[in-house]
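Working notes for the structure below.
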Amino acid sequence: MASDLLEVEVAGIKFKLDKSLKYTESDEWVRVEGGVATVGITDFAQKELKDIVGVELPEVGAAVKAGDTVATVESIKATAEIYSPVSGEIVEVNEKLLDAPETINEDPYGEGWIFKVRISDPSELDKLLDFQSYIESVKKRKS
Amino acid sequence: MPRRVLLEDLHASLGAVFGEFAGWSVPMSYEGTLKEHMAVRREAGIFDISHMGRMLVSGEGSTELLERIYTKRVSKTKVGFMSGPTLALNEHARVRDDEMPYRLGEDEWLIVPNAAVADSMLSYFRETAESLGLEVRIEDLRSKYALLALQGPKAADIVEALGGGDLLGLKPLQFVRGVELAGVKLELVSRSGWTGEDGFEILAEPQAARALFSKALEAGAKPAGIAARDTLRIEAGFVLGGHEYGEDPKKWPCAVSLRYGLGAIDWGKSGFVGEDALRACRREGVRWIRIGLVMKKKYARMIPRQGYRLYVDDVDVGWVTSGTYSPVIGRGVAQAYIDSRYAYIGDSIEIDIRGKRGEAKIQEFPLVPLGVKTA
């Protein structure tokens with residue numbers, strides 16, 4: 001997965017992006033494989049939050065709509081809500097994060113994934129951002 | 001635009017992440033708050049706390065002025081010592097600021113107000129002196145000297161390594177002026193701090209402060225940011241304006257509820273601002289009391305934050321004033337006001353954390369062991 005990483009800098013903040021992923025305005029990334037979306041937060045988001053010390057995960061089997069708050073990430077600095085980028089059913093959560101939430105800081109696009117959703121409406125994927133649009137979205141917020 | 005601390009360039013060269021605090025651009029963290037926090041609890045860290053106030057109050061009327069302002073008899077403080085923690089109240093017995101005046105001479109004091117009230121305390125001191133017709137000079141020293149804090153169980157080892165063996169004889173709250181450390185001339189060094197650990201606070205001209213900061217790093221101290229300073233003071237049980245206290249009687253209980261420091265309020269003293277309201281508040285009995293909270297193991301990583309409500313069953317019994325995650329014990333920890341009828345140390349209480357209940361234990365401060373040094 002590391003092969004596709006691109007390093008960008010916005011307003012003095014350097015962060016990595018995976019070109020193969022989709023993104024949201026609220027700093028989630030989405031990897032779609034076989035009708036299932038794996039979701040995490042971007043390198044930019046983990047850098048903004050800094051020291052992550054807690055994660056609250058959704059229940060496996062829960063039905064979620066795009067935009068629902070399904071998880072929270074606690075850092076020393078703040079609490080961040082994590083939204084589901086797509087509608088569907090939660091099929092897996094990354095329980096390793098409960099004991100090692102700092103994994104999100106260390107490997108946001110890999111071991112730091114948060115939950116997986118079986119996608120019920122594939123057309124919602126079209127509303128997600130590609131990496132270039134995500135960079136624009138970060139720029140807009142930082143300007 | 002936020003104001004800039006005198007050593008901003010040094011912090012930038014150390015990779016600091018800056019953030020705004022009380023109108024100042026301050027180094028929030030360097031390597032990461034958790035690491036900096038642990039460095040101060042186990043070894044040593046050095047902070048630039050130059051966003052804080054620094055005012056020199058001198059002249060014949062200065063001690064009388066301080067006696068009018070503070071809840072403690074500061075005139076009992078010996079020259080060469082800081083008074084213990086004390087409070088400056090308003091007429092509602094709410095807290096303007098908590099401070100530890102340094103007695104530089106019989107009629108000469110150094111006051112270090114918290115950053116958020118540094119400007120208002122300057123004018124409050126001036127106005128109070130004027131209304132009492134006191135002969136007092138008040139000088140703002142913020143651009144003249146920087147203020148550093150070297151903190152941690154190894155702070156003394158660092159000072160010794162820098163050739164400051166003489167300074168190790170300083171008792172808590174004692175200070176010396178015009179000393180040299182590592183060949184750097186310092187205006188004042190005190191045995192004090194705001195982390196609960198042993199340490200030294202240093203007043204020095206900007207160039208000297210810059211040099212000393214770097215030398216302390218060479219001697220093994222870690223640079224520590226203002227974010228770690230906050231998490232450390234929460235664990236230690238130290239209070240901060242805007243969290244545990246404030247001037248608005250609708251938002252904060254009276255100063256008795258703060259249960260702040262031994263002897264911070266001297267009930268045998270009279271004639272200070274806020275006294276009548278403070279005594280009335282004490283007579284009525286304290287409705288709210290400040291306590292510490294530690295999340296139970298099952299809820300260890302739930303973090304209580306300012307404003308979250310406390311519950312016993314469905315009864316709302318208080319609110320969190322400051323909260324964070326303690327890297328020392330791996331639990332969410334907090335300071336809170338609780339209805340005094342429910343304030344049993346050791347009892348458990350529920351906290352509403354964004355719609356979910358987490359259980360915490362009511363605990364006395366400090367919330368973690370202090371003074372634990374790694375070998």
Side-chain angles (χ1 to χ4, degrees), chain A residues 7 9-15 26 41 43-59 62 64 67-84 93-108 112 114-115 138 141-143, chain B residues 12 15-21 25-39 224-235 295 297-308 320 322-334 351-358:
Chain A
E7 176 128 7
E9 185 174 337
V10 176
I13 303 163
K14 283 185 192 153
F15 60 97
S26 47
I41 64 169
D43 191 36
F44 170 75
Q46 72 79 13
K47 282 195 166 150
E48 289 280 286
L49 283 165
K50 302 189 184 78
D51 302 85
I52 293 172
V53 294
V55 177
E56 208 181 310
L57 298 170
E59 302 256 329
V64 296
D68 283 357
T69 302
V70 292
T72 53
V73 172
E74 297 269 15
S75 78
I76 289 278
K77 190 176 156 189
T79 304
E81 297 192 321
I82 312 302
Y83 308 106
S84 184
V93 295
N94 187 357
E95 287 187 2
K96 283 185 193 159
L97 297 178
L98 296 175
D99 287 325
E102 64 278 8
T103 311
I104 297 175
N105 290 125
E106 291 156 5
D107 188 11
I114 299 171
F115 60 91
V138 173
R141 279 179 275 161
K142 281 283 150 187
S143 63
Chain B
V17 177
F18 288 88
E20 200 172 324
F21 178 76
S25 169
V26 297
M28 279 294 174
S29 64
Y30 302 82
E31 231 191 308
T33 300
L34 295 171
K35 282 184 186 157
E36 293 160 29
H37 182 114
M38 287 312 293
I226 301 309
R229 187 169 159 81
D230 192 47
T231 56
L232 287 158
R233 71 96 195 160
I234 293 172
E235 281 182 345
M295 297 306 291
K297 194 158 188 251
K298 189 179 168 193
Y299 308 95
R301 288 181 182 274
M302 285 175 89
I303 300 177
R305 298 196 192 266
Q306 185 172 25
Y308 289 6
V320 171
S322 300
T324 187
Y325 176 80
S326 162
V328 176
I329 53 173
R331 305 276 181 101
V333 294
I351 309 176
D352 184 324
I353 297 180
R354 296 179 312 280
K356 286 186 185 158
R357 295 281 181 95

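Heavy atoms only: backbone and side chains are in, while hydrogens, waters and symmetry mates are out. Every chain is numbered from 1 and lettered A, B, ... according to where its sequence line falls, protein lines coming before strand lines.
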Open item on the list: If I measure from the heavy atoms of chain B, does Ile13(A) come under 4.5 Å with its side chain, its backbone, both, or neither?
Closed with: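 Neither; nothing under 4.5 Å.
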Open item on the list: Which atoms of Thr79(A) are under 4.5 Å from chain B, going by heavy atoms: the side chain, the backbone, both sets, or neither?
Closed with: both
Open item on the list: Taking side-chain contact (heavy atoms from CB on, under 4.5 Å) as the criterion, tell me which of Val70(A), Val93(A), Leu97(A), Asn94(A) meets it with Ile114(A).
Closed with: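 When Val70(A), Val93(A), Leu97(A), Asn94(A) are each tested with Ile114(A), the side-chain contact (heavy atoms from CB on, under 4.5 Å) holds only for Leu97(A).
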Task: Option in Gly54(A), Gly12(A), Ala78(A) with maximal non-hydrogen atom pairs under 4.5 Å from chain B - done: Ala78(A)
Open item on the list: Within a 6.0 Å radius of atom CD on Glu9(A), are there more than 12 heavy atoms belonging to other residues, nucleotides or ligands?
Closed with: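 Check passes, neighbour count above 12.
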Task: Salt bridge flag under 4.0 Å for residues Arg331(B) and Glu235(B) - done: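 Salt bridge flag = no for Glu235(B) with Arg331(B).
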TODO: Kindly indicate whether the side chain of Ile303(B), heavy atoms from C-beta on, has any atom under 4.5 Å from the side chain of Arg305(B).
DONE: yes
TODO: Pick one of side chain, backbone, both or neither for Thr324(B), based on which atoms fall under 4.5 Å of a heavy atom in chain A.
DONE: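 Contact with chain A involves the side chain of Thr324(B) alone.
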